[in-house]
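First up is the structure itself, then whatever we jot down about it.
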Amino acid sequence: MPHPALTPPPARATLLANSGVAMTLAPLHRIVALCQTSSVALAHTLAAALALCACDPALFGAGTEAGAGAFSDPVGGDLFGEPEPVPTGTANPAASACGAVPVAGRCKDDKTIERCLVVTGVGDPQVTTSSCGKFESCTQDKGKAVCMQHAGKCDPGASLCKDGKTLRQCADDGAWNEFVCDNGCKQTAAGAGCSPAGTVGYKVRVTYQFRGPNEALTDWSNQTTLAPVAGLLGLSLRKDGDGYTTVDAASTDAQGWLDIQIASDTGQAPLILLIAGKVGADGNTLDYVIARPDVGDGEQDVDLSAAAVDKAKLWTWTVDPGELDSGTTVTVTEAQNSGVLRVFDYLRYIHGQANTILAGLTLPLVVWMRPNTSWNCGACFSDTPVTVLGFELWAQAWLPMTAEDTSFWADPVTGHEFGHWVMAGFSTSPREGGPHCLGVPTLPGQAWSEGFATAFSSLMRNDPRYYDKQDGSFFWLDIAKRKYPNKAWSLPKASLGLIQMHDENDVAAIVWALAGQPGIGKQNALFAVSSTRLQVDAAKRGYTRHTWGVAKCKKKDIVNTGDPAPFLADYLDALVCEGAPGSSIDAVTLPATQFPFPSTSPVCD
């Protein structure tokens, strides 16, 4: 059986003949007090998750960025254009909205980090602050402001099995406490805990409905498809007084099966909580999670208020073993927000691929999704930390969830945003965020960031087509054919030099083509982004980050911040420096007429 993290989500083919059954709605009173766990139960990961689960009764069981998605401009104007030189001008950091606060952050004091927030699809950078933990201090590491754990201190709430009988838990003072477990210590998918008595095995298979595009790429298919969901976190709970305690934790396998222990006494009202999240290998942190912020319907600002984050809830569904026999298949339907599980399926797949190809994605992520809510960036990403339910997550993505577009079915967009996640985790982002339009050449940093994300998405899906539905309109493009459906493709011009305006989708086409070249291949094309050439002092080709505004898809008020930023040429340097044949790169970039990268004289470390 393939490892669940490496099983790609199916594109169209129906995998399951059995449609399963709808999960039984758990009465709300059964889950309003799930935060009450015993002192030696599983890690604070579980306690934090359970505290969210006063589930909304409406819940089941209880792309592109702004301006990038359509071929028409609501205020008119020619959307397509030709490449041109980047405007020259003296660097003026003070003119940037963040002033002297760097995008990599700085220590405002021992406990506080200031950062210049740059969201991929929002034009105005903003200064944000985050606080270090009780036993952490702010420090600079490789040019970035980070919170470092104090020597000799553990993370309060962390847990692990010291041996088969002894549980270690980190106390509030940052020191380890030890407990002897009568029934043995068990390491689960969500931390360690003492194995409880009075349990029995239970299995349930979790599947979900999704829609792909129709064959003509004009809208979503009229037919739904079923797929198993791998890597979904399951918590087994039992009634304990007025609340619930945790019995076990496990994750679904590649075929969607959850194999878990439940309370054998039916009087303890066993309940299984399914959470759209993955706990880290240490059992005490989150690798990624999908959450609902406390915001309203309609378009919302990605700069979430503290209250919106503090009142956020994880996406959860419940299974009632008292009503569903072991061995049952359950199906999360569209009406029960199966779109969230489609996004989750790509999260676990891309996280698994990144760890296989790039060796260790260490950038915990929260994806914000709420029914009837869209975002002022469209769909976007930022590697700005946020504390959700007591967990510090180092990156955020915002995906719309509206009935008009149901763009959570747009796998290319989901893969694109997670491509930004991979760049931020393994490489150096140019941090040029702002409105941009399809087919319009943009500044080199943004073109590189967006282009890599699109190419990454296509390489993960083995499909060069990018499609989405925005504002009720479906659109597509093909990076292998360099084709828009109704407009000419904008190519770079050698006469303009390396630093020129560039169509982000042409950058994507270059990365896609490189992955198919002799001596390079998909794995090397992706691995190059993690090269030290793109991690430390990445911007050796002389490009600096810009900010700007947009009117009718035309750049205005362009400001050179003076901050070094990588772009396509730096990535090509990394490829050559890692051993890629220059001839293979030349075959794609066509330096004499298109992108004039000097493959015979790369700038290496």
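Note that CG of N177 is 8.0 Å distant from CD of Q169, once rounded to the nearest 0.5 Å. Rounding to the nearest 0.5 angstrom, the gap separating the CD atom in Q353 from the CG atom in N355 is 10.0 Å. A distance of 14.0 Å separates CH2 of W315 from CZ of F344, quoted to the nearest 0.5 Å. Taken from CZ in R106 to OG1 in T112, the straight-line distance is 12.0 Å, to the nearest 0.5 Å. Interatomic distance, L393 CG to D383 CG, rounded to the nearest 0.5 Å: 13.0 Å. Between L160 atom CG and L167 atom CG the span is 7.5 Å, to the nearest 0.5 Å.
SG atoms of C170 and C154 are separated by less than 2.5 angstrom, consistent with a disulfide link.
At a threshold of 4.5 Å between non-hydrogen side-chain atoms, the residues S429 and M423 count as touching. Counting heavy atoms from C-beta outward, V603 and R533 have side chains that approach closer than 4.5 Å. Here the side chains of L572 and L514 are in contact, with some heavy-atom distance below 4.5 Å. Side-chain contact between L347 and F418 is present, with at least one heavy-atom pair separated by less than 4.5 Å. The shortest side-chain heavy-atom distance between C185 and K162 does not fall under the 4.5 Å cut-off. When side chains are defined from C-beta on, L286 counts as touching V279, because their heavy atoms get closer than 4.5 Å. Between F456 and V529, the closest side-chain pair of non-hydrogen atoms is not below 4.5 Å. Between P9 and R342, the closest side-chain pair of non-hydrogen atoms falls below 4.5 Å.
Looking at every heavy atom in both residues, V302 comes nearest to C380 through CG1-SG, 3.8 Å. Between T428 and P566, the closest heavy-atom pair is O-CG, 3.4 Å. Considering every non-hydrogen atom in both G234 and L274, the closest pair reads CA-CD2, 4.1 Å. Nearest heavy atoms, V422 versus A354: CG2-CB, 4.2 Å. The shortest non-hydrogen separation linking W368 to A312 is CZ3-CB, 3.7 Å. Residues D287 and W421 approach most closely at O-CZ2, 4.3 Å, considering heavy atoms.
Few gaps surround NZ on K522; more than 12 heavy atoms of other groups in view lie less than 6.0 Å from it. For CG of D172, the number of neighbouring non-hydrogen atoms (other residues, nucleotides, ligands) closer than 6.0 Å is 12 at most.
The main-chain N or O of A447 is never found under 3.5 Å from a side-chain atom of T442 such that the two would form a donor-acceptor pair. Of the possible polar contacts, one joining the K111 side chain to the E136 backbone as a donor-acceptor pair under 3.5 Å is found. Side-chain atoms of S407 do not come within 3.5 Å of backbone N or O of A410 as any donor-acceptor pair. Under a 3.5 Å cut-off, the side chain of S449 and the backbone N or O of G445 do not form any donor-acceptor pair. A distance-only check finds no donor-acceptor pair linking the side chain of D345 to the backbone of L341 [under 3.5 Å]. One N or O on the side chain of T561 and one on the backbone of R545 form a donor-acceptor pair closer than 3.5 Å. Of the possible polar contacts, one joining the T373 side chain to the G296 backbone as a donor-acceptor pair under 3.5 Å is found. With hydrogens and angles ignored, the 3.5 Å screen pairs a side-chain donor or acceptor of T252 with a backbone N or O of G231. Judged by distance alone, the side chain of S530 and the main-chain N or O of F527 form a donor-acceptor pair under 3.5 Å. Under a 3.5 Å cut-off, the side chain of S457 and the backbone N or O of A453 do not form any donor-acceptor pair.
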Trace of the side chain to side chain contact (heavy atoms under 4.5 Å, CB included) decision for N505 with Y466: CA-CA 10 Å; N505 292 312; Y466 187 97; 5.8 Å; no
Intermediate values then yes/no, side chain to side chain contact (heavy atoms under 4.5 Å, CB included), Q300 and W398: CA-CA 10 Å; Q300 303 293 321; W398 296 261; over 6 Å; no
Derivation and outcome, salt bridge (charged side-chain N to carboxylate O under 4.0 Å, His left out), residues R541 and D573: CA-CA 9 Å; R541 285 288 180 179; D573 279 332; 2.8 Å; yes
Full working for disulfide (SG to SG under 2.5 Å) between C138 and C147: CA-CA 5 Å; C138 181; C147 292; 6.0 Å; no
Worked check of side chain to side chain contact (heavy atoms under 4.5 Å, CB included) between L534 and F426: CA-CA 9 Å; L534 282 174; F426 289 105; over 6 Å; no
Derivation of the side chain to side chain contact (heavy atoms under 4.5 Å, CB included) call for I558 and T547: CA-CA 6 Å; I558 296 177; T547 62; over 6 Å; no
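Between R370 and D297 there is a salt bridge, with a side-chain nitrogen of the basic residue lying less than 4.0 Å from a carboxylate oxygen of the acidic one. No salt bridge links K540 with D570; every basic N to acidic carboxylate O contact stays at or beyond 4.0 Å.
The aromatic rings of F567 and Y543 sit tilted relative to each other, their planes meeting at an angle between 30° and 60°. Using bins of under 30°, 30° to 60° and over 60° for the plane-to-plane angle, the ring pair W448/F452 lands in the tilted bin.
Of the N and O atoms on the side chains of H546 and Q446, not one donor lies less than 3.5 Å from an acceptor on the other residue.
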